[in-house]
Amino acid sequence: MEEGDILRQRRNLVAMSCLLIIFDLAKVKVAKVGVLGTDLVVGDVRVLAISMWVLWAYFLLRYYQFWRKERPHLSSAIYEQVGQYASSYAYARKLPGTQNNSPSLQRSRWIRGWQIEVQSYKPGAGGGLVTESITPISPFMALFWKFRAWLRIGIHTPHFTEYALPFVLAGATPIVAIAVKVL
């Protein structure tokens, strides 16, 4: 896949989502459509609306397909940022084993399972990775690191605006359409 493919899919999805939102919020009524200088009188406007929603679904599917192939995802960028916060925490607290090794944030249990694990490589007959220390972390600290990572990635990198925001806009499109019909 070429790099411009995901850009084209994102542009199509954003344009169609915005168009549908504007049409719903402005309550646009279509009477005539101009095609190549010819005015066409629309007999059943529902056909145009259904066609626009079919196009929207197609663009959403295409963007999703190209997004799946693109790396890195927003979640991996956030995970890496949280790992950097955990490493900084471990070095600042001078946890055992952090002098020569990189600490990593691990989750061992569902709620209170966050811990910083420091491993080192021991050569020899029984060599391999050996755990130097395990330090439990408060779930609130892990949540705080995740919140900071979301803010940092969302503001300072294009991950959110380029990859996640089109999904947010696409998700808002049917919500706006339903809200306009109900209210």
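All figures in this text were calculated on a predicted structure; none of them were measured in a lab.
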Open item on the list: A side-chain contact here means heavy atoms from C-beta on lying under 4.5 Å apart; do L20 and M52 qualify?
Closed with: yes
- [ ] Look up atom OG in S88 and atom CH2 in W145, then write down how far apart they are to the nearest 0.5 Å.
- [x] 9.0 Å
- [ ] Starting from I155, walk the hydrophobic network (Ile, Leu, Val, Met, Phe, Trp, Tyr; side-chain heavy atoms closer than 4.5 Å) and list everyone else you reach, by chain and number.
- [x] F147, L151
TODO: Kindly give the heavy-atom pair with the smallest separation between K146 and V82, and that separation in Å.
DONE: CA-CG2, 3.8 Å
Task: 4.5 Å side-chain heavy-atom contact, V14 and F59 - done: no
Task: Contact summary for G154 and F160, nearest pair of heavy atoms - done: CA-CB, 3.9 Å
- [ ] Working to the nearest 0.5 Å, report the span between CD1 of I78 and NE2 of H159.
- [x] 9.0 Å
Open item on the list: Once you measure the plane-to-plane angle for Y63 and F167, does it fall in the parallel (<30°), tilted (30-60°) or perpendicular (>60°) bin?
Closed with: tilted
Open item on the list: Please tell me whether Y79 and L143 are part of a single hydrophobic cluster in this structure, the criterion being side-chain heavy atoms less than 4.5 Å apart.
Closed with: no
Task: Rounded distance (nearest 0.5 Å) linking atom CZ of F66 with atom CZ of R8 - done: 7.0 Å
TODO: For residues E162 and W67, determine if any side-chain heavy atom of one lies less than 4.5 Å from a side-chain heavy atom of the other.
DONE: no
Open item on the list: Using side-chain heavy atoms (C-beta onward) and a distance below 4.5 Å, is Y85 in contact with F144?
Closed with: no
Open item on the list: Using side-chain heavy atoms (C-beta onward) and a distance below 4.5 Å, is L169 in contact with I21?
Closed with: yes
Task: Qualifying side chain to side chain donor-acceptor pair (under 3.5 Å) pairs with a residue from residues 47-61, counting only residues at least two apart or across chains - done: S17-W56
Task: For the student: nearest non-hydrogen atoms of A170 and L13, plus distance - done: CB-CD1, 3.9 Å
TODO: Could I get the full list of side chain to side chain donor-acceptor pair (under 3.5 Å) partners for R10, not counting sequence neighbours?
DONE: none
TODO: State, without any angle test, whether Q65 and R62 hold a side-chain donor-acceptor pair at a distance under 3.5 Å.
DONE: yes
- [ ] Pick out which of L60, T173, L55 makes a side chain to side chain contact (heavy atoms under 4.5 Å, CB included) with M16.
- [x] L55
